[in-house]
Asker: 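Pasting in a structure now, in structure tokens, and then I'll have a few things to ask.
Throughout, numbering of the chain's residues begins at 1 and tracks the sequence.
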Amino acid sequence: MSTVEHPPITVLASSRAVVSGKLTAATVVISLSTGRIASVFPSLLPPSSFPAETPYVDYSPDVLLPGLVDAHVHLNEPGRTEWEGFWTGTQAAASGGVTTVIDMPLNAIPPTTTVHGLREKVKAAEGQCWVDVGFYGGIIPGNVQELKPLIQKGVRGFKGFLIDSGVEEFPAVSSTDIAEVMAELADEPTTLMFHAEMIPPITDSVGDNVQWSLPPLAPIGPLNEYKTFLASRPTSFETYAISEILSLAHLAPNLPLHIVHLSAIEAIPLLREAREAGVKVTAETCFHYLTLASEKIQNGDTRHKCCPPIRTQSNQDGLWGELLWEHDSVIKTIVSDHSPCTPELKLLPPSIAGNQLPTPPSEDDKEPGNFFSAWGGVSSVGLGLPLLWTSAYQDNRKITPEDIARWCCANTALQVGLEKSKGQLAVGFDGDVCVFDDEAEWVIGEGGEGMFWRNKVSAYAGKKAKGCVKETWVRGRKVYERGRGFVGRMPEGKLLLEPRVKV
């Protein structure tokens, strides 16, 4: 008697899943031989619908989401691995349902501004990634000849700074540099992205000297007060930089442009006007701009320092208003901008949150709580989903699982050219699934929960959260389970080096 052999599959089902942008009952069948979704049924099928011994889990009433795509993460390895690394950074991502991260080109040494730099990055990442990882390239003065080779080697896009980046190996670009880059990339399948802050000129004759960030000549107030730091990076820095970028957009009308970590609502009308005029420009914002407000930051709490800065509650409300606008919002994606460092570089005073971190040096510019000397960046990779859901619950914002899937899955995948394989629970897509319990309540950092990154320093430590990720699946294989973590598993994340193709 012959038996029919069936290809190996696993089946995940729930009464609630985001499929084709809608919340519905669904049964998702993933081929274990390809790692891709083989079928999606718009109903809750029983185990008897599949061959005997088929792995099957009904997660009802938890929500099945596409694996999140965090399109802005600093993993820092090699060179600054003590800040963060591929192993810890991708574990943190997986713990929050993030199945794909795109690594930023700076803070590693060497930066990803040359093919050699990418090669070193890939070498460091191999065998260490718990989720799939793609890479951005960087634009700096003088590296324009490296850009097309980097595209051929698989970078997902390019990022440049219009203001000092904070690390000497990644200098800011001038308008002249940007023009050269646009000419080089005009017809390439890529995205050109900018950290959009510039010091506005005092007169029209200042020219490109405004590209260089200088410390404030006379900070107005104590350096350990957040309002002093906030005043040093006003919204005009963002609006001026975005105006400069948009003034050059005509040089490459087919090249998608993107503003990373938009914080200032004053920039939204500029971007909307440009989009209405046909400019291909989008923006992202970050979890910290949507959930933290400057009025609530304690003196010296440098865990909140980032650039652009966390702004006022009214500014936060404006960002939410734009995201939830029923028409064509200019903010298409939400990302973490996970930018960690060693505890010492944060200069966090002992009085903040029971800080037990090493006491920093005592030079005037290294005093604990100095917002101007502390490293800027908020650690949050993997926290985005509960942070957004907590905001929906606490602030009565009308956010749905469909919204989150659009902002953090489908649109982020589109931004980096992975829209055919990531960000959807659909046939042919990678079997990346996030199982989300939208009712659970927990405390971030309690018992180490939610903070798998290397250095356990975050503005979110001790905050109550609503909703948690119970499981994370990458290409049909479970990589994370709440309560068990990564026990009995090994990293199987892929490096996404397939070159982008022109749409």
Asker: Got a second to check how far R406's CZ is from T412's OG1, nearest 0.5 Å?
Answerer: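 Spacing of CZ (R406) from OG1 (T412) equals 12.0 Å.
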Asker: Would you please say whether a donor-acceptor pair under 3.5 Å links the side chains of Y460 and T291?
Answerer: yes
Asker: Does any part of the side chain of I265, heavy atoms only, come nearer than 4.5 Å to the side chain of D317, both counted from C-beta?
Answerer: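 No. Closest side-chain heavy atoms not under 4.5 Å.
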Asker: Just checking, any donor-acceptor pair under 3.5 angstrom between side chains of Q415 and T333?
Answerer: yes
Asker: For the side chain to side chain donor-acceptor pair (under 3.5 Å) test, which of H74, R454, H338 pairs with E84?
Answerer: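 Exactly one option meets the side chain to side chain donor-acceptor pair (under 3.5 Å) with E84, and it is H338.
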Asker: Looking at S329 and I331, would you say the former's side chain and the latter's main chain have a donor-acceptor pair under 3.5 Å?
Answerer: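 Present.
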Asker: Report yes if some heavy atom in the side chain of F371 is under 4.5 Å from a heavy atom in the side chain of L230; otherwise report no.
Answerer: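 Not in contact.
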Asker: Could you label the plane-to-plane angle of the F50 and F41 rings as parallel, tilted or perpendicular, counting under 30° as parallel and over 60° as perpendicular?
Answerer: perpendicular
Asker: Using atom types as modelled and distance alone, determine if a side-chain donor or acceptor of T90 lies under 3.5 Å from a backbone N or O of F86.
Answerer: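 Pair found, side chain donor or acceptor close to backbone of F86.
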Asker: We want to know whether E238 and S263 form a side-chain donor-acceptor pair, criterion being a heavy-atom distance below 3.5 angstrom.
Answerer: yes
Asker: Do the side-chain N and O atoms of D70 and S336 include a donor-acceptor pair separated by under 3.5 angstrom?
Answerer: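 Checked: D70/S336 side chains pair up, N/O donor to acceptor below 3.5 Å.
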Asker: Please report the C-alpha distance between R233 and E197 in whole Å, then the side-chain angles of each, then the deciding distance to 0.1 Å, and finally whether the salt bridge (Lys or Arg N to Asp or Glu O under 4.0 Å) criterion is met.
Answerer: CA-CA 8 Å; R233 315 271 303 213; E197 285 186 288; 2.8 Å; yes
Asker: Quick one: list whatever passes ring pair (Phe, Tyr, Trp, His ring centres under 6.0 Å) with F135, sequence neighbours left out.
Answerer: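 Per chain and number, F135 pairs via ring pair (Phe, Tyr, Trp, His ring centres under 6.0 Å) with no residue.
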Asker: Within the distance-only criterion (no hydrogens, no angle test), does the side chain of T302 pair as donor or acceptor with the backbone N or O of K305 below 3.5 angstrom?
Answerer: no
Asker: Nearest 0.5 Å, what's the CG-CD1 distance between L32 and I9?
Answerer: 8.0 Å
Asker: Does a side chain donor of either T191 or R500 reach within less than 3.5 Å of an acceptor in the other side chain?
Answerer: yes
Asker: Determine yes or no for a side-chain-to-main-chain donor-acceptor pair under 3.5 angstrom, with R482 supplying the side chain and K470 the backbone.
Answerer: no
Asker: Treating T27 as the side-chain partner and S43 as the backbone partner, does any N or O pair qualify as donor plus acceptor under 3.5 Å?
Answerer: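 Yes: the side chain of T27 pairs with the backbone of S43.
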Asker: Taking the six-membered ring where the residue is Trp, are the ring centres of F161 and F194 under 6.0 Å apart?
Answerer: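 No, ring centres 6.0 Å or more apart.
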Asker: Is it the case that atom CD in E446 sees more than 12 heavy atoms from other parts of the structure closer than 6.0 Å?
Answerer: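 Result for CD/E446: open.
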Asker: Hey, are the side chains of E492 and R477 touching, using non-hydrogen atoms and a 4.5 Å cut-off?
Answerer: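 Sidechains of R477 and E492: in contact.
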Asker: Are any non-hydrogen side-chain atoms of E284 and H72 less than 4.5 angstrom apart?
Answerer: yes
Asker: Would E471 and W473 count as having a side-chain donor-acceptor pair, cut-off 3.5 Å?
Answerer: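 Yes - a donor-acceptor pair under 3.5 Å links their side chains.
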Asker: Would you check if M104 and K159 make a side-chain contact, meaning some heavy-atom pair closer than 4.5 Å?
Answerer: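 Result yes, sub-4.5 Å side-chain heavy-atom pair found.
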Asker: Is D432 salt-bridged to R475, going by a charged N under 4.0 Å from an acidic O?
Answerer: no
Asker: Below 4.5 Å, heavy atoms only, C-beta onward: do C129 and P491 meet side chain to side chain?
Answerer: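 With C-beta onward as the side chain, the pair stays apart.
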